[in-house]
2 protein chains.
Amino acid sequence: MITNKNCIIRLSRYKNALYRLQALGFVKVFSDNLADAVGGTASQVRKDFSIFGISGNKKGGYQIDSLLEKLNSILGKDQLQKVIVVGAGHIGSALMRYRGFEKEGIKIIAGFDIDPAKINRSNPIPVLPLEEIKAFIKTNNIRIAILAVPDIAAQQAADMICAAGVKGILNFAPLGLKGAEGCIINNVNVEIELENLIYFVNVTEKTRKA
Amino acid sequence: MITNKNCIIRLSRYKNALYRLQALGFVKVFSDNLADAVGGTASQVRKDFSIFGISGNKKGGYQIDSLLEKLNSILGKDQLQKVIVVGAGHIGSALMRYRGFEKEGIKIIAGFDIDPAKINRSNPIPVLPLEEIKAFIKTNNIRIAILAVPDIAAQQAADMICAAGVKGILNFAPLGLKGAEGCIINNVNVEIELENLIYFVNVTEKTRKA
DNA sequence: TTGTTATTGTGAAAAACGGAACAATATGAT
DNA sequence: ATCATATTGTTCCGTTTTTCACAATAACAA
């Protein structure tokens with residue numbers, strides 16, 4: 001089994017680049033085109049494909065449409081992914097309003113919040129009270145949730161939705177969560193990303209001076 | 001020089017965990033406490049520290065306050081970091097309203113947008129027209145920018161702020177950017193993170209069945 | 001003091017990863 | 001038909017990263 005997270009991220013990037021190339025009218029692509037497009041090496045592109053049994057044509061490159069089909073299948077994009085957002089604060093609402101997911105086959109079908117003032121059942125994407133989340137997850141067979149609650153509430157919320165059957169959580173709380181058994185947690189942490197950036201900016205500046 | 005991004009991310013996580021432990025009244029910590037707190041191994045904690053010349057006490061662990069001082073210094077948190085946000089749409093505004101940065105010594109001092117309707121000079125964090133960004137960056141010596149513009153505008157915006165002197169960009173556009181010489185780009189891509197999560201959820205589910 | 005124990009710090013081993021190289025081969029030219 | 005060329009698929013190799021293992025040693029107990 002592939003455990004290399006970076007490899008899967010590269011597949012997503014290839015996929016996105018392929019859509020752009022397709023929109024420009026290209027029909028086939030070579031490994032070094034893709035490498036340029038995502039900032040890698042041609043070897044690595046070919047190796048990534050080979051890991052998943054994707055093959056092209058000697059001297060002919062890869063057919064973009066069939067390549068996209070295979071990548072989409074690997075990435076689980078051959079079925080609509082229903083996702084919920086837990087926490088309807090600034091970040092949660094921004095994510096619910098974001099229109100970029102739909103074209104990726106990801107549909108946010110509801111938000112949840114503990115604050116009664118945030119409840120809104122008539123929205124295109126309704127915001128429901130937290131008490132209903134367990135039933136909702138079961139009824140709609142939700143497997144993926146985005147967690148955008150304050151850090152103090154994050155672990156409890158994570159435990160709750162894991163127990164209700166969620167299998168993957170994208171966590172925006174600035175806090176590492178203990179994943180319940182059988183539930184994968186990916187963290188998106190803007191503070192940490194910024195700290196990282198600051199570190200490397202500082203280091204390269206120092207190095208440049210020396 | 002350390003080039004290992006994951007290692008620096010771990011330092012941030014250690015730092016965050018240490019603050020939590022400190023708030024709970026702890027004064028010292030052992031490598032395996034930290035490993036538990038961030039989800040790693042005790043060896044790795046010690047090795048990460050050893051890379052940066054951080055040492056503890058045999059049988060006594062590490063003093064939390066002095067450890068925090070050292071980590072904060074490595075992560076550039078001994079001075080306030082002024083940051084601008086480019087793009088005042090949903091994500092840009094959510095980031096500007098987010099209060100979590102201040103306690104990390106990161107201060108968003110202005111936003112910029114091309115849409116005149118979004119301009120607001122009297123806000124605590126003013127939103128200024130894009131034409132002023134170059135002068136602003138130079139005047140205020142801005143080194144870090146958060147890019148939250150639509151993908152179509154992202155590369156152009158990145159080029160502009162790099163040329164104006166920005167040294168690091170945190171890019172929220174769902175698109176890999178070509179970094180100008182001397183400018184580091186970190187990407188935060190929620191779609192890709194979700195795809196990644198979906199992939200691993202699917203794979204572990206399949207593996208479990210088999 | 002002496003012995004026991006817990007924990008660090010690091011050197012060595014193992015694993016994971018990415019990149020270079022090249023044989024295999026399909027395509028197109030002559 | 002033959003040759004030259006471009007590109008893939010994969011093996012091999014170097015590097016990076018993680019884990020293991022244990023000597024060194026500080027703290028504590030008897």
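As the structure is a prediction and not an experimental result, all values here were calculated from the model. Residue numbering restarts at 1 for every chain, and letters A, B, ... go by the order of the sequence lines.
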- Between D/dT19 (P) and B/N6 (CG): distance, integer Å: 11 Å
- Are the aromatic rings of B/F52 and B/F49 close, with centres under 6.0 Å apart? no
- Note on the structure: B/I9 CD1 to D/dT17 P, in whole Å, measures 12 Å
- Message: If I compare all heavy atoms of A/M96 with all of A/I125, which pair ends up nearest, and what's the gap?
- Response: O-CD1, 3.3 Å
- Any B/R10 side-chain nitrogen or oxygen under 4.0 Å from OP1 or OP2 of D/dT18: yes
- Roughly, in whole Å, what's the span from CD1 in A/I8 to P in C/dG18? 12 Å
- Separation of atom NZ in B/K5 from atom P in D/dT16, rounded to whole Å: 18 Å
- Task: Specify the residues of residues 27-60 of chain B, ordered by number, for which at least one heavy atom lies under 4.0 angstrom from an atom of DNA chain C.
- Result: B/F30, B/S31, B/R46, B/K47, B/S50, B/S55, B/G56, B/N57, B/K58, B/K59
- Item | Selection residues 185-210 of chain A - residue pairs positive for ring-ring contact (aromatic ring centres under 6.0 Å, His included), sequence neighbours left out | none
- Decide, yes or no, whether a salt bridge links B/K15 with B/E104 under the criterion of side-chain N to carboxylate O below 4.0 Å. yes
- B/N4 CG to C/dG18 C1', straight-line distance once rounded to whole Å: 14 Å
- Should we count CG of B/L24 as having more than 12 external heavy atoms under 6.0 Å? yes
- Query: Is it the case that B/D159 and B/Q155 place a side-chain donor and acceptor less than 3.5 Å from each other?
  - Reply: yes
